[in-house]
Participant: 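The structure follows.
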Amino acid sequence: MKIQIIIGSVRLGRIGPELAKWIKNALEENAVEAESEIIDLKEWPLPMDDEPGLPELGHYDQPHTKAWSDKIAQGDMVIFLTPQYNWGDPASLKNAIDHLYTEWANKPALIVSYANRGGGKAAAQLKQVLDGIHMQTQEDAIEIKLSECVFDEAGAISNEGEPLSAYRQLLIASVKRMITKSY
């Protein structure tokens, strides 16, 4: 069982990589019986609409789309880590999803959003998209409230263990449910 943790933001100064490491560590520390991998969209340049055919046909001309297809096909389930930008998920995440179609189908998916108040509006929009590509979205979306975190001078969460511990149990329970349902 392989869980792919996709960092949806590519902005400078983002905290997505820090939160993705927290998710990966939480899974490992709580003996979740699955391999996890962090996929950072910043390392996957996917130009907008540069394939001549529809993604649902699965015929890709561009090397970057073929590589992206191969990468996503390797996973059994996905955790989408998304910030909330202007009440929605970032274009980088939507574009990465829209590059493919069948590679996503029937995979369990969990949404972990983050924003000052938790990112629920971004999570709701993303859930609609994931339902549209036939992913098995979990009912428990996790909304990390950045207003409860303290940041150091570099912009990193300085008290990681304290505010994020409240989300750990929900994360582990949701992932274990995904694993159980996918067998």
Side-chain angles (χ1 to χ4, degrees), residues 1-28 32 34-86 88-115 119 122-138 141-142 144 146 155-157 171 174-175 178 182:
M1 186 68 50
K2 184 170 188 177
I3 301 171
Q4 295 173 320
I5 304 164
I6 298 179
I7 302 171
S9 174
V10 298
R11 275 188 181 174
L12 293 175
R14 65 203 172 120
I15 63 165
E18 187 176 347
L19 293 173
K21 288 177 191 168
W22 171 79
I23 291 169
K24 185 171 176 47
N25 290 340
L27 297 178
E28 291 170 358
V32 171
E35 175 188 352
S36 61
E37 172 188 23
I38 296 173
I39 300 173
D40 190 343
L41 291 183
K42 198 163 196 166
E43 298 170 4
W44 289 90
L46 299 166
M48 297 284 288
D49 300 322
D50 69 336
E51 287 288 343
L54 296 173
E56 71 181 312
L57 300 176
H59 302 291
Y60 308 121
D61 290 346
Q62 302 297 333
H64 53 262
T65 307
K66 291 176 184 178
W68 181 237
S69 171
D70 290 342
K71 174 54 76 178
I72 296 306
Q74 293 170 13
D76 299 303
M77 57 187 61
V78 182
I79 297 175
F80 290 96
L81 178 60
T82 182
Q84 179 170 287
Y85 294 161
N86 301 321
D89 51 303
S92 53
L93 181 55
K94 179 71 165 78
N95 181 52
I97 293 167
D98 287 347
H99 260 75
L100 308 175
Y101 187 78
T102 58
E103 294 84 350
W104 303 113
N106 299 313
K107 288 185 182 180
L110 175 65
I111 300 169
V112 177
S113 62
Y114 57 95
Q125 289 178 6
L126 182 56
K127 183 179 184 325
Q128 288 180 336
V129 171
L130 301 181
D131 288 346
I133 56 174
H134 308 290
M135 293 192 84
Q136 300 170 19
T137 55
Q138 301 303 298
I142 298 168
I144 298 174
L146 297 180
I157 298 173
L171 172 71
S174 296
V175 170
M178 286 191 333
S182 63

Participant: Can you find a pair of side-chain heavy atoms, one from His64 and one from Pro45, that are under 4.5 Å apart?
Facilitator: no
Participant: Given side chains that start at C-beta, do those of Lys94 and Gln125 come closer than 4.5 Å, heavy atoms only?
Facilitator: no
Participant: Going through the distances and angles, do Glu103 and Ser69 end up as a side-chain contact (heavy atoms from CB on, under 4.5 Å)?
Facilitator: CA-CA 7 Å; Glu103 294 84 350; Ser69 171; 2.6 Å; yes
Participant: Are Val112 and Leu19 close enough, and set up right, to give a side-chain contact (heavy atoms from CB on, under 4.5 Å), and what steps lead you there?
Facilitator: CA-CA 9 Å; Val112 177; Leu19 293 173; over 6 Å; no
Participant: Is it the case that the side chain of Glu51 and the backbone of Gln62 share a donor-acceptor pair, with hydrogens and angles ignored and the cut-off at 3.5 Å?
Facilitator: yes
Participant: So, the side chain of Thr137 versus the backbone of Ala109: is there a donor-acceptor pair under 3.5 Å, distance only?
Facilitator: no
Participant: Are side-chain heavy atoms of Asp40 and Arg14 found at a separation under 4.5 Å?
Facilitator: yes
Participant: Check the pair Asp50 / His99 against side-chain contact (heavy atoms from CB on, under 4.5 Å), numbers first and verdict last.
Facilitator: CA-CA 9 Å; Asp50 69 336; His99 260 75; 3.6 Å; yes
Participant: Sequence neighbours excluded, which residues qualify as ring pair (Phe, Tyr, Trp, His ring centres under 6.0 Å) partners of Phe80?
Facilitator: Trp104
Participant: With a 4.5 Å heavy-atom cut-off, do Leu41 and Asn95 have their side chains touching?
Facilitator: no
Participant: For the residue pair Ile133 and Leu100, establish whether any side-chain heavy-atom pair is separated by less than 4.5 Å.
Facilitator: no
Participant: Counting only heavy atoms not in Asp61 (residues, nucleotides, ligands), do more than 12 fall under 6.0 Å from its CG?
Facilitator: yes
Participant: Please say which of Ile6, Leu27, Ile142, Ile7 ends up in a side chain to side chain contact (heavy atoms under 4.5 Å, CB included) with Ile79.
Facilitator: Leu27
Participant: Do Tyr101 and Leu57 have side chains that approach each other closer than 4.5 Å (heavy atoms only, starting at C-beta)?
Facilitator: no
Participant: I'd like to check Asp98 versus Leu46 (side-chain heavy atoms, cut-off strictly below 4.5 Å). Are they in contact?
Facilitator: no
Participant: Just grab all the salt bridge (Lys or Arg N to Asp or Glu O under 4.0 Å) pairs involving residues 127-137, residues at least two apart or on different chains.
Facilitator: Lys127-Asp131
Participant: Does Lys107 use its side chain to pair, donor to acceptor, with the backbone of Gly75 at less than 3.5 Å?
Facilitator: yes
Participant: Side chains of Ile3 and Leu110, heavy atoms from C-beta outward: is any pair under 4.5 Å?
Facilitator: no
Participant: Donor-acceptor check, side chain of Glu37 to backbone of Gln4, threshold 3.5 angstrom: yes or no?
Facilitator: no
